[in-house]
Amino acid sequence: MKKLIQTLLLLLCSNIVTAQAFNDDKTSIINYVKRLYNSSSFEGAKIIESEDAKYYVVAITLSNLTLGSIEKNNKIAITKAQEAAQLTFAEPCVKFEMLSTIENTSNQKTTFLFLCESLSEFVKTTYKKKPFDGSKIISAQNNKYFIAVITLDNSKYAAVSSRDKVAQMKAKQQANTMFNGSTISSESIIRTDENDKATEVTSTEIIREQSMGFVDGIEFLTSFESLDNKTTYIYYKTITK
């Protein structure tokens with residue numbers, strides 16, 4: 001019984017240490033960003049790099065805030081932070097977290113300091129936890145994003161440009177299917193040509209599409225290669241709520 005109690009106490013202490021370490025780490029990130037901002041204030045979005053990580057930070061300064069309406073003021077600040085982040089990073093940011101509000105009583109302005117995560121980093125992290133192909137909707141504050149994920153086998157394409165074009169076509173297919181309810185059919189034709197030296201195997205992909213409309217605004221987000229000689233492409237489209 002005594003041994004059991006000792007074991008439980010050890011487990012409890014272990015959990016407490018883990019929680020404290022997490023909180024300490026979070027606090028250190030917030031303090032690190034706030035110190036850098038206070039030493040050299042800025043307006044808009046920027047990337048702050050430390051020895052082991054980089055942080056996407058946005059500072060938004062507002063004046064003439066509505067007194068007693070914290071929720072409304074925060075919403076305005078987040079909307080402007082999203083706009084500044086996309087303009088600077090050339091892609092949307094998600095998971096905005098307010099680090100601090102800094103009030104300047106001399107000019108009656110308030111600066112909202114946010115920490116956020118780029119859409120490409122968020123999708124890559126989600127994909128690596130559980131790989132998937134196809135389309136998804138990512139819901140973020142104030143915006144939704146359509147995501148098309150396409151993984152292609154590098155060995156099937158003689159040129160990178162050909163592989164890129166197929167990925168783009170497949171992304172548009174997925175967008176049409178989700179937004180217009182189009183009927184998409186794909187088939188692979190493998191032709192084997194024999195010559196005197198060896199057997200050549202070529203792959204041709206024919207894509208037929210029947211849809212009621214066309215979805216524009218599909219943008220390339222990022223791509224990365226896996227260990228099994230495949231490339232995963234990610235495309236996105238912003239859907240305003």
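When reading the values below, keep in mind they use all heavy atoms of this one structure, side chains included, and skip hydrogens, waters and symmetry mates.
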Reported [atom1]-to-[atom2] distance for the pair [X] and [Y], which is rounded to 0.5 angstrom:
X    : Y    : atom1 : atom2 : answer
T126 : I138 : OG1   : CD1   : 6.0 Å
F89  : K46  : CZ    : NZ    : 10.0 Å
I150 : K170 : CD1   : NZ    : 8.0 Å
L115 : Y56  : CG    : OH    : 11.0 Å
M98  : I78  : CE    : CD1   : 5.5 Å

With [X] via side chain to side chain donor-acceptor pair (under 3.5 Å) - residues at least two apart:
X    : value
S155 : D153
E43  : T61
T79  : N142
T110 : none

Quick one: list whatever passes side-chain contact (heavy atoms from CB on, under 4.5 Å) with [X], sequence neighbours left out.
X    : answer
S135 : F146, Q174, M178
A158 : none
T88  : A45
A59  : Y37, F42, T111, L113

### Task
Before giving the answer on side-chain contact (heavy atoms from CB on, under 4.5 Å), spell out for T151 and T232 the whole-Å C-alpha distance, their side-chain angles and the decisive distance to 0.1 Å.
CA-CA 4 Å; T151 300; T232 297; 3.0 Å; yes
### Qualifying salt bridge (Lys or Arg N to Asp or Glu O under 4.0 Å) pairs with a residue from residues 127-137, counting only residues at least two apart or across chains
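Every pair satisfying salt bridge (Lys or Arg N to Asp or Glu O under 4.0 Å) with a residue in residues 127-137: there are none.
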### Query
Which residue pairs satisfy the salt bridge (Lys or Arg N to Asp or Glu O under 4.0 Å) criterion with at least one member in residues 103-122, sequence neighbours excluded?
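Of all non-adjacent pairs touching residues 103-122, those that pass salt bridge (Lys or Arg N to Asp or Glu O under 4.0 Å) are K95-E117.
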### Message
Does anything in residues 93-122 form a ring pair (Phe, Tyr, Trp, His ring centres under 6.0 Å)? List the pairs, not counting sequence neighbours.
### Response
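Listed once each, the pairs would be none.
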#### Entry: ILVMFWY network linking Y236 to I218, side-chain heavy atoms under 4.5 angstrom
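Different clusters: Y236 never reaches I218 through Ile, Leu, Val, Met, Phe, Trp or Tyr contacts under 4.5 Å.
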### Query
Any link between I48 and I102 through a network of hydrophobic side chains (Ile, Leu, Val, Met, Phe, Trp, Tyr) touching at under 4.5 Å?
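Linked, I48 and I102 end up in one cluster.
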### Task
Determine, step by step, whether Y233 and D164 satisfy the side-chain hydrogen bond (donor to acceptor under 3.5 Å, both in side chains) criterion, reporting the C-alpha distance in whole Å, the side-chain angles of both residues, the deciding distance to 0.1 Å, and the verdict.
CA-CA 8 Å; Y233 295 82; D164 292 346; 2.5 Å; yes
### Query
Of the non-hydrogen atoms in S120 and E91, which two are nearest, and what is the gap between them?
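Heavy atoms of S120 and E91 come nearest at N-OE1, 2.8 Å.
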Does the side chain of [Y] come within less than 4.5 Å of [X]'s, by heavy atoms?
X    : Y    : result
I147 : L119 : yes
L62  : I76  : yes
Q168 : F220 : no

### Task
Please say which of L221, I137, I239, V94 ends up in a side-chain contact (heavy atoms from CB on, under 4.5 Å) with Y145.
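Of the listed options, the one satisfying the test is V94.
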### Task
With sequence neighbours excluded, give me every side-chain hydrogen bond (donor to acceptor under 3.5 Å, both in side chains) pair touching residues 217-230.
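Residue pairs with at least one partner in residues 217-230: N154-N229, S226-D228.
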